[in-house]
Amino acid sequence: MYVCSCFGVTEQQVKEHAAAGACTPRQIASASKAGTDCGGCVRTIQAMLGRGACPRRELLERKAPATAPADGLPEAA
């Protein structure tokens, strides 16, 4: 099924880009142009990607130094 009819991008292609590390609609757009014309598919792409389901984000959080909080903000005293 097509997600982006402007550029003929399918659901499968979005899933493949996400599996390759594209975690946001902007990254999907960079990889496939989906969402860069009329923008009608951006919400569908957001729904497909979900919240917090980015494998790279999880890796970055695991590699964060033990002394610094994961969000990068100073801890409250």
Side-chain angles (χ1 to χ4, degrees):
M1 179 174 175
Y2 286 102
V3 172
C4 176
S5 57
C6 295
F7 293 105
V9 179
T10 64
E11 230 176 278
Q12 184 61 37
Q13 288 172 305
V14 171
K15 289 177 183 178
E16 289 170 4
H17 290 304
C23 302
T24 66
R26 183 171 284 167
Q27 291 172 336
I28 295 292
S30 291
S32 68
K33 295 172 94 177
T36 61
D37 193 27
C38 77
C41 60
V42 173
R43 287 190 181 195
T44 303
I45 293 169
Q46 285 174 328
M48 288 178 68
L49 295 174
R51 287 190 182 255
C54 179
R56 286 188 177 176
R57 186 176 303 134
E58 290 171 12
L59 288 173
L60 287 173
E61 288 174 0
R62 281 190 217 142
K63 291 181 181 179
T67 57
D71 61 7
L73 299 174
E75 292 183 25

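Every heavy atom of this structure was used, including side-chain atoms; hydrogens, water molecules and symmetry mates were not.
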Open item on the list: Please report the interatomic distance OG(Ser30) to NE2(His17), rounded to the nearest 0.5 Å.
Closed with: 10.5 Å

Open item on the list: Test of understanding: clusters of I, L, V, M, F, W, Y form through side-chain heavy atoms closer than 4.5 Å, transitively. Do Val9 and Met48 belong to the same one?
Closed with: yes

Is the shortest heavy-atom distance from the side chain of [X] to the side chain of [Y] under 4.5 Å?
X     : Y     : answer
Thr10 : Met1  : no
Ile28 : Leu49 : yes
Gln46 : Pro25 : yes

Task: Residues that Glu11 engages under salt bridge (Lys or Arg N to Asp or Glu O under 4.0 Å), provided they are two or more places apart - done: Lys15

Task: Nearest non-hydrogen partners of Gly35 and Cys41, listed with the distance - done: N-SG, 3.3 Å

Open item on the list: Can you pull out every salt bridge (charged side-chain N to carboxylate O under 4.0 Å, His left out) where at least one residue sits in residues 19-31? Sequence neighbours excluded, please.
Closed with: none

- [ ] Check side-chain contact (heavy atoms from CB on, under 4.5 Å) between Thr36 and all other residues, then give those that pass, not counting sequence neighbours.
- [x] Phe7, Ala29, Lys33

